[in-house]
There are 2 protein chains.
Amino acid sequence: MKKKRPSLKDIADALNISTTTVSFVLNGKGEEKKISKELIAKVEAHLKEINYKPNLVARSLRTGSTRVLVFMVEDISNSHFSKVGRIIEDISYKNDYRVLFCSTENDVKRTQDLIHLFHERQVDGFIIVPPPGIEKEISYLLENEVPVVLFDRKIPELEADYVIINNFEGAKQSTQHLIDSGYKNIAFITIDLDQIQMHDREAGYIAAIEEAGFSPNILKIPYDTSNIPSSREKIKKFIKESKDIDAIFFATNYLSQSGLKCIHQIDAKLINKLGIISFDDSNFFEMYSPTVSAFAQPVDEMANQLMKIMFNKLKNKEQAVSSKLVLEGTLVTRESSLKK
Amino acid sequence: MKKKRPSLKDIADALNISTTTVSFVLNGKGEEKKISKELIAKVEAHLKEINYKPNLVARSLRTGSTRVLVFMVEDISNSHFSKVGRIIEDISYKNDYRVLFCSTENDVKRTQDLIHLFHERQVDGFIIVPPPGIEKEISYLLENEVPVVLFDRKIPELEADYVIINNFEGAKQSTQHLIDSGYKNIAFITIDLDQIQMHDREAGYIAAIEEAGFSPNILKIPYDTSNIPSSREKIKKFIKESKDIDAIFFATNYLSQSGLKCIHQIDAKLINKLGIISFDDSNFFEMYSPTVSAFAQPVDEMANQLMKIMFNKLKNKEQAVSSKLVLEGTLVTRESSLKK
DNA sequence: TATTGTATTTTATACGTTTAAAAAATCAAA
DNA sequence: TTTGATTTTTTAAACGTATAAAATACAATA
């Protein structure tokens, strides 16, 4: 039996008072608005009795605020993003905000749609991992004074706040570590996509390699096929054909996943001969021999900073301070990067 | 400069027509409502020109529908759930629905809050991995004719639809496979939580073990600590103290993660001596030697069936057919479960 | 010319809240 | 017993949309 949910009006009628009074009590403004103690008590009792739940859609229409934030990432099932998302979710809930997650697949069109869609839905703020080419929509949001914080990548041309990590240093440091461990022919496997953070990682790799007097050896995998067989074939071919490679630095966690699988398929013993570092850490890297070294992003700190900036924007819509954070990651050295 | 978003009224005024006409054209009901071709064209041109975006909050208030679904799981950063979530997200977007993800942490209180919260927000449907003790809230939703589909676990007392897998068979089959591979002392590591799917897995394990004339050897880890050191200590202690164990069957993916790490920490060679099967597959299981056998849930099929049932409910609010699906998983045998 | 029908467009209201402004009630002082 | 001040409560409008019902315009028919 579907019973209509009671509205403020129903309550007002039942108690023979006005909706205004009920609304004031509901929002804890009873005292402030000088509603008499007895009436407040009466209304509160009734609200509790019928277990009243306000219609938040109506409230949003009236107030213009939804208390909903959006967290738009490349792929929410990527553990790096889902971990950050999980923390953001927790912080938001504690502050009485909800979070919508969604995956852009790094596709501009899809991201544009999503941004408009959520903007139409009046969400209060956006945390976005921006795909290349999305500048216009971000500007649009900024112009409309919608709180936006970029994550994982910045857009240099834009005056948007962001929280990213120092990709150049991370990659350089990781590469340097391999060099220090005695590897001489270090390959870099990355994604063929025009994204600033990938460029930075590549640049960091190249910087370290060239400083050491080696020459770069880079394999670029098409983005959209990173998960499917054809790209695995590319990786395998690359590894097999460059016989002299003694170490590999994977530019992202999903590449190291694919890559490790490839290495294993080529020869189960091969992993013991290669130096390996992955950009992005994983739980699984400590589960087998050799344990896998990784450049770990400060997931917790990232999420916390993102939310700090976001709440700041939500509170002081006007005098928002510009917050552009570049955090440092940590190189976690494990067995895979020691000299074999 | 924050410009007020144009409303139907603004458009109507600009064109000197009524909001009704604009609304009809906007919703593609122009012809049906016999608006003249010229006027339709004029309105459409104007809509496009000012790049009009309707206020979906207002629309929701008016229509009572938000075109938002909620996907509530134990932990959205658990890859099993985030994978299913990802597919659900895709299917929903294709059908012009959005999805809210959230994590219940298996906590009744939190889940109750979430359910009410989203119900107040008028979401159109719920897909829920129900924690124990949540019967009342689910009933509440059902009584109010809110579309609900349970996932991963059913609630036997409730007439709610669900999509689950045959946990008993999966566990039995997995255990049987270890037995067939010649293991004689197979331990089962599970979570100490009163959940039907965990009971089923345990029962499946016990059934296979007893049929073979062996005796069960079960370790139960407290739920909320499954990720933290103390539970790892428990697992390590258990493995070390039962010297005669020759195989371990992990009841969930996060347990196999912890467990494999423990095994590695005890002795890097140990994994080569133990038979291992994990309930739930993972990308990482093919990356090292030995590759790890797993009982894989049909992630794709689950997500598709869930959405099929959900859309069915959303369309025919009245004559909803009862849909209770028990899907079968697949045992993926890899090196870890072959006789050593 | 009056009537009917058809095609087109508008008026008016509702959804459930919030809140400024107005009104009513109460009380104290003159 | 009127006046003014204060306290308490209500009226009324607004947010932006959708739609039933009414209204208008126009042509065709009797």
Side-chain angles (χ1 to χ4, degrees), chain A residues 2-44 46-47 50 52-68 117 119-124 144, chain B residues 2-44 46-47 50 52-67 119-124 144:
Chain A
K2 182 156 184 173
K3 9 174 182 174
K4 173 185 164 298
R5 299 238 319 254
S7 69
L8 281 190
K9 178 114 190 8
D10 296 326
I11 296 172
D13 288 351
L15 297 177
N16 242 303
I17 56 177
S18 76
T19 59
T20 303
T21 307
V22 183
S23 175
F24 284 157
V25 174
L26 177 66
N27 295 328
K29 295 189 182 169
E31 295 211 27
E32 177 192 334
K33 297 294 183 175
K34 320 245 185 186
I35 310 287
S36 62
K37 301 239 178 303
E38 308 84 59
L39 190 47
I40 293 186
K42 189 168 146 197
V43 174
E44 280 178 342
H46 191 252
L47 287 178
I50 67 166
Y52 172 73
K53 306 280 177 191
N55 180 325
L56 297 187
V57 172
R59 178 178 287 172
S60 288
L61 177 59
R62 174 60 222 231
T63 62
S65 139
T66 52
R67 298 197 81 80
V68 170
L117 215 137
H119 185 47
E120 286 163 41
R121 278 221 155 64
Q122 324 288 124
V123 302
D124 290 356
N144 284 61
Chain B
K2 183 158 184 173
K3 9 173 182 176
K4 173 184 164 298
R5 300 237 323 253
S7 68
L8 282 189
K9 178 114 191 5
D10 298 326
I11 295 172
D13 289 351
L15 296 178
N16 244 302
I17 56 176
S18 75
T19 59
T20 304
T21 306
V22 184
S23 174
F24 283 157
V25 175
L26 177 66
N27 295 326
K29 295 189 180 169
E31 295 210 28
E32 176 192 334
K33 298 294 183 174
K34 320 244 185 187
I35 310 287
S36 63
K37 300 241 180 303
E38 309 84 59
L39 190 48
I40 293 186
K42 189 168 146 196
V43 174
E44 280 178 343
H46 190 252
L47 287 178
I50 67 167
Y52 171 73
K53 306 280 175 189
N55 180 323
L56 297 189
V57 173
R59 179 178 286 173
S60 288
L61 177 61
R62 175 61 222 234
T63 62
S65 139
T66 52
R67 298 197 80 81
H119 186 46
E120 287 163 41
R121 278 222 155 64
Q122 327 287 123
V123 302
D124 290 357
N144 283 58

Answer whether the closest heavy-atom distance between the side chains of I40(B) and F24(B) falls below 4.5 Å.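 When only atoms from C-beta onward are counted, F24(B) and I40(B) do not touch, as no gap falls below 4.5 Å.
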Is there a side-chain contact between L26(B) and Y52(B) (heavy atoms, below 4.5 Å)?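 Counting from C-beta outward, L26(B) and Y52(B) do come under 4.5 Å.
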Distance check needed: [N] [atom2] versus [X] [atom1], whole Å only.
| X | N | atom1 | atom2 | value |
| --- | --- | --- | --- | --- |
| I35(B) | dA7(C) | CD1 | C1' | 10 Å |
| E31(B) | dA7(C) | CD | C1' | 14 Å |
| K34(B) | dG5(C) | NZ | P | 15 Å |
| E38(A) | dT26(C) | CD | P | 12 Å |
| E32(A) | dT19(C) | CD | C1' | 11 Å |
| I11(A) | dT17(C) | CD1 | P | 8 Å |
| L61(B) | dT17(C) | CG | P | 9 Å |
| R62(B) | dA12(C) | CZ | P | 16 Å |

Output all residues satisfying ring pair (Phe, Tyr, Trp, His ring centres under 6.0 Å) with H119(A), sequence neighbours left out; order by chain, then residue number.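 With sequence neighbours excluded, H119(A) shows a ring pair (Phe, Tyr, Trp, His ring centres under 6.0 Å) to Y140(A), given in chain and number order.
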With sequence neighbours excluded, tell me which residues meet side chain to side chain donor-acceptor pair (under 3.5 Å) with [X].
| X | result |
| --- | --- |
| T63(B) | none |
| T20(A) | none |
| S60(B) | none |
| S36(A) | none |

Give me each pair satisfying salt bridge (Lys or Arg N to Asp or Glu O under 4.0 Å) with a member in residues 21-36 of chain A, each pair once, sequence neighbours excluded.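 Qualifying pairs: none.
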According to the salt bridge (Lys or Arg N to Asp or Glu O under 4.0 Å) rule, which pairs have a member within residues 9-28 of chain B, sequence neighbours left out?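 Pairs touching residues 9-28 of chain B that pass the test: K4(B)-D10(B), K9(B)-D13(B).
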Five pairs per end, C1' atoms only: what is the angle between the end axes of the helix from dT1(C)-dA30(D) to dA30(C)-dT1(D), to 10 degrees?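 Computed from the C1' atoms at both ends, the axes differ by 90°.
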Identify all pairs in which a protein N or O lies below 3.5 Å from an N or O of nucleotides 20-22 of chain C, and state each distance.
none

Quick one: is [X] getting a side-chain N or O under 4.0 Å of the [N] phosphate, OP1 or OP2?
| X | N | answer |
| --- | --- | --- |
| S36(B) | dT9(C) | yes |
| N55(A) | dC15(C) | no |
| S18(B) | dT10(C) | yes |

Across the strands shown, which category fits [X] at heavy-atom distances under 4.0 angstrom: base, sugar-phosphate, nothing?
| X | result |
| --- | --- |
| K37(B) | nothing |
| S7(B) | sugar-phosphate |
| L56(B) | nothing |

If we ignore hydrogens and angles and just use 3.5 Å, is the side chain of T19(B) paired with the main-chain N or O of L8(B) as donor and acceptor?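 Checking the backbone N and O of L8(B) against the side chain of T19(B), no donor-acceptor pair under 3.5 Å is found.
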Pick the nucleotide of DNA chain D nearest each of N16(A) and T19(B); which residue has the one closer to the 5' end?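 Per heavy-atom nearest nucleotide, the more 5' residue is N16(A).
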So, using side-chain contact (heavy atoms from CB on, under 4.5 Å) as the criterion, who are the partners of L56(B) when residues are at least two apart?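 Once residues adjacent in sequence are excluded, the partners of L56(B) under the side-chain contact (heavy atoms from CB on, under 4.5 Å) criterion are E120(A), R121(A), P54(B), R59(B).
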Nucleotide range of DNA chain D lying under 4.0 Å from chain A heavy atoms: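 Range of nucleotides within reach of chain A: dT8(D) to dG16(D).
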How many angstroms lie between CD1 in I11(B) and CD1 in I50(B), if you round to the nearest 0.5 Å?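 The distance works out to 4.0 Å.
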